[in-house]
There are 2 protein chains.
Amino acid sequence: MPAMARKFNASQQAMIHLIATMGPLSRTRLARALGVGKPALTALTRTLIEAGIVLEAREEAEEPRQGRPSMLLAMNPDYGYFAGVSITLEQPVLVLVDLVGHVTARVELPFSRDPDTVAAQIAEGVDVLIAEAGIPRERLFGIGVAVSGLVDAGHEICLNSTHLDWHNIPLARLIREKTGLPAYLENDAKTAATREKLFGEARILDDFAVVTIGDGVGCASFIDGKLRRGHNGGAGEIAHTTVETGGRPCKCGKRGCLDTVAAPGAILHDARGAGLKVATIAEIEHLAARNDPVALDVLHRAGATLGAVIAHLVQVNDPEAVFVIDTSAAIGTLIRTLIQQTVGANVLPDMGATLRLTFSRVSGDFWSQTAASVAAHKFFVPD
Amino acid sequence: MPAMARKFNASQQAMIHLIATMGPLSRTRLARALGVGKPALTALTRTLIEAGIVLEAREEAEEPRQGRPSMLLAMNPDYGYFAGVSITLEQPVLVLVDLVGHVTARVELPFSRDPDTVAAQIAEGVDVLIAEAGIPRERLFGIGVAVSGLVDAGHEICLNSTHLDWHNIPLARLIREKTGLPAYLENDAKTAATREKLFGEARILDDFAVVTIGDGVGCASFIDGKLRRGHNGGAGEIAHTTVETGGRPCKCGKRGCLDTVAAPGAILHDARGAGLKVATIAEIEHLAARNDPVALDVLHRAGATLGAVIAHLVQVNDPEAVFVIDTSAAIGTLIRTLIQQTVGANVLPDMGATLRLTFSRVSGDFWSQTAASVAAHKFFVPD
DNA sequence: CAGGTTTTGTTGCTTCCGAAAACTAAAACG
DNA sequence: CGTTTTAGTTTTCGGAAGCAACAAAACCTG
């Protein structure tokens with residue numbers, strides 16, 4: 001295990017990407033998938049195996065097949081690690097994930113909103129993290145940071161986060177200076193999409209969208225295998241799309257934004273405004289299941305609106321799949337059904353027929369994991 | 001001028017693309033723009049000049065500059081031609097455009113909606129076209145066909161056109177068989193976007209959207225330099241986005257689609273339904289300019305709705321520019337202003353500040369020109 | 001159980017592409 | 001009339017990938 005080269009050429013990167021996404025593969029199948037000859041694979045794999053990033057293992061065939069058994073190539077999870085942290089208004093958690101996306105260590109950081117303090121605490125946290133995991137510092141390849149807001153193209157500066165009240169904060173530079181590690185900033189919805197592409201169900205997809213339901217509604221897309229950032233890094237910022245002209249005032253200054261209708265807090269606010277005594281959205285769902293008309297109405301509004309926005313998104317980009325990721329236990333059966341129905345009814349039938357619309361509920365250190373995925377993505381696919 | 005090779009490798013294609021989009025360029029500047037060394041250019045340009053696709057011309061410097069003057073490389077417009085035709089419910093026009101997008105001949109075809117007849121008439125039209133232009137048949141590199149509806153990924157089959165009542169019509173094959181030319185089918189909004197990218201203002205842009213106002217509303221995007229087709233070829237199909245729940249019934253079977261609010265026919269319908277005696281949208285604009293409240297209301301509805309949809313589109317993909325192309329003299333000053341205002345008000349300020357939103361009015365053989373652009377695009381960038 | 005078959009992966013050899021350095025060409029400057 | 005500056009070319013070299021033949025490791029057959 002020599003000190004990692006860290007610089008792989010294009011073909012090697014393509015191979016790493018394939019192995020990472022398609023699981024363990026034989027050289028021959030890799031060659032086919034990559035569209036190159038077998039001899040190329042011999043040379044390529046040799047360097048990767050020598051570098052230690054790829055492991056070779058004999059295939060354990062269930063049923064005996066003819067011919068020489070293949071040697072499977074798989075990622076070496078222990079080759080390197082990435083740290084990740086999500087900066088919100090809550091106590092941040094710094095996590096360490098390995099090359100295949102598994103969390104191997106975590107450490108809770110003190111809360112702060114001052115950029116310098118945040119960077120300093122992350123730097124201290126990194127030391128704790130690698131000590132806890134028992135890995136040499138050189139194996140930590142980078143750190144990803146998720147923020148809710150706009151981030152520049154270089155993953156360097158938080159241009160604008162109303163949530164944190166940050167404007168042009170070069171957080172990545174601060175962290176890099178204090179930790180000596182490559183640091184990458186990214187919008188939280190985009191980190192979630194990156195995780196889905198790198199380690200989640202979307203590994204084999206080139207065109208998909210992710211919609212996150214957390215404090216607010218977030219959205220990001222992979223298009224043609226690349227994360228869509230947009231000309232200003234604002235692609236996917238649907239939270240402040242106007243969905244009700246003259247609707248309720250939003251933090252952003254406008255009225256009737258999606259966030260004022262479909263964000264978990266907004267749903268609760270609606271329910272209480274309509275006279276329901278509820279503390280969680282689950283309770284609203286519970287009431288709705290008993291045909292409480294007010295509860296039904298509240299959930300209907302949220303689900304139908306969210307569904308309409310997703311439908312629009314689908315019509316604009318025609319993705320292969322949309323992943324709705326619920327990080328705050330807000331999407332119950334009813335809202336889910338409503339989203340599905342609304343999307344089905346508002347998307348061209350030819351498109352709706354093949355669209356995969358899946359829901360998942362996550363919790364815990366999810367956002368920090370997604371942040372780590374950004375560092376991993378930078379490592380796997382630098383440009 | 002040997003018979004055209006027609007097959008250029010990747011580097012040559014990249015060079016052709018650069019020369020076509022960036023205008024006449026010296027070898028040195030091409031090398032910089034292409035990110036390759038100067039020596040590569042020498043070999044590349046030689047083959048292209050020998051093939052006849054690129055012309056060399058001495059630079060005419062206005063002000064004397066130091067150093068050896070550069071030899072400018074420019075496309076040879078006469079190297080090849082492309083035919084294009086748009087199939088609608090009106091009489092089709094077949095046009096011939098050269099390598100830089102100029103129309104050099106046109107011929108009107110009989111109207112038909114039967115695929116075989118259409119193909120046969122196009123084949124006859126092609127003969128007339130090349131005779132009229134006086135070019136050898138080998139110089140006609142392909143033919144593009146615009147249809148309003150869904151087209152498969154191979155540009156071969158019209159999967160679905162409610163407009164023409166076509167389903168799974170392999171029109172490209174029919175035309176190819178009857179003309180012996182490469183034939184490419186494409187959705188009309190996407191042909192318009194392709195023209196904008198290849199020959200229009202968007203040549204230097206990698207991320208932009210085109211919204212067409214013709215019989216209905218169309219939309220297509222270039223993302224990362226590539227036309228966005230989507231998983232089902234339906235990217236950009238916003239005409240049937242629901243914008244008014246329970247709105248007027250649409251041809252598509254749903255209610256309240258964008259087409260029932262913002263399509264030129266819908267605007268006229270609205271105006272007449274509200275009691276205005278008008279024959280054109282210009283007349284409505286005229287009335288509105290005199291503060292006719294009904295006319296103002298009608299135009300406001302259309303403009304604000306269109307603006308909201310464009311705003312959503314911008315938030316989803318964050319393009320550098322949006323080109324609104326009016327092919328039916330429907331977008332007057334008032335609607336234009338309303339669109340601008342609505343987009344400005346509904347897009348994140350950071351994004352709205354840099355967004356270019358431009359309007360243009362076209363007529364005549366526009367759609368056929370755009371169709372020809374698709375054949376040109378296939379020639380320049382086959383894959 | 002020996003030899004054929006089938007599939008996997010490797011070793012040379014060749015070819016192609018493109019980058020770096022050094023060179024030539026053509027203009028303005030003084 | 002040399003010097004400087006920029007443009008373009010020639011030469012040389014190294015890396016990457018293809019083809020073909022070869023070696024390895026399993027199964028199948030008689």
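In the text below, chain A, chain B and the rest are named by the order of the sequence lines, each starting its count at 1.
- Between Glu56(A) and Arg27(A) there is a salt bridge, since a side-chain N of the basic residue sits under 4.0 Å from a carboxylate O of the acidic one.
- Between the P atom of dG8(D) and the CG atom of Leu73(B) lies a distance of 7 Å, rounded to the nearest Å.
- Contacts of residues 17-47 of chain A with DNA chain C (heavy atom under 4.0 Å): Ser26(A), Arg27(A), Thr28(A), Lys38(A), Pro39(A), Thr42(A), Arg46(A).
- Comparing atom distances between the Arg58(B) side chain and each of dA26(D), dA26(C), dA17(D) picks out dA26(C) as nearest.
- In the set dG8(D), dT5(D), dT8(C), dT5(D) carries the atom at the smallest distance from any side-chain atom of Gln66(B).
- Atom CD of Glu56(A) is separated from atom P of dA25(D) by 12 Å (rounded to the nearest Å).
- Separating the CG atom of Asn9(A) from the C1' atom of dG14(D) is a distance of 14 Å, rounded to the nearest angstrom.
- For the pair Ser11(A) and dA17(D), the criterion of a side-chain N or O lying under 4.0 Å from OP1 or OP2 is met.
- Comment: Asp78(A) engages Arg139(A) in a salt bridge, judged by a side-chain N to carboxylate O separation of less than 4.0 angstrom.
- Using a cutoff of 4.0 Å between basic side-chain nitrogens and carboxylate oxygens, Asp207(A) and Arg228(A) are not scored as salt-bridged.
- When rounded to the nearest whole Å, the span between CD of Gln12(A) and P of dG15(D) equals 13 Å.
- Counting distance only, with no hydrogens placed and no angle test, the side-chain atoms of Arg68(A) and the base atoms of dT8(C) include a donor-acceptor pair under 3.5 Å.
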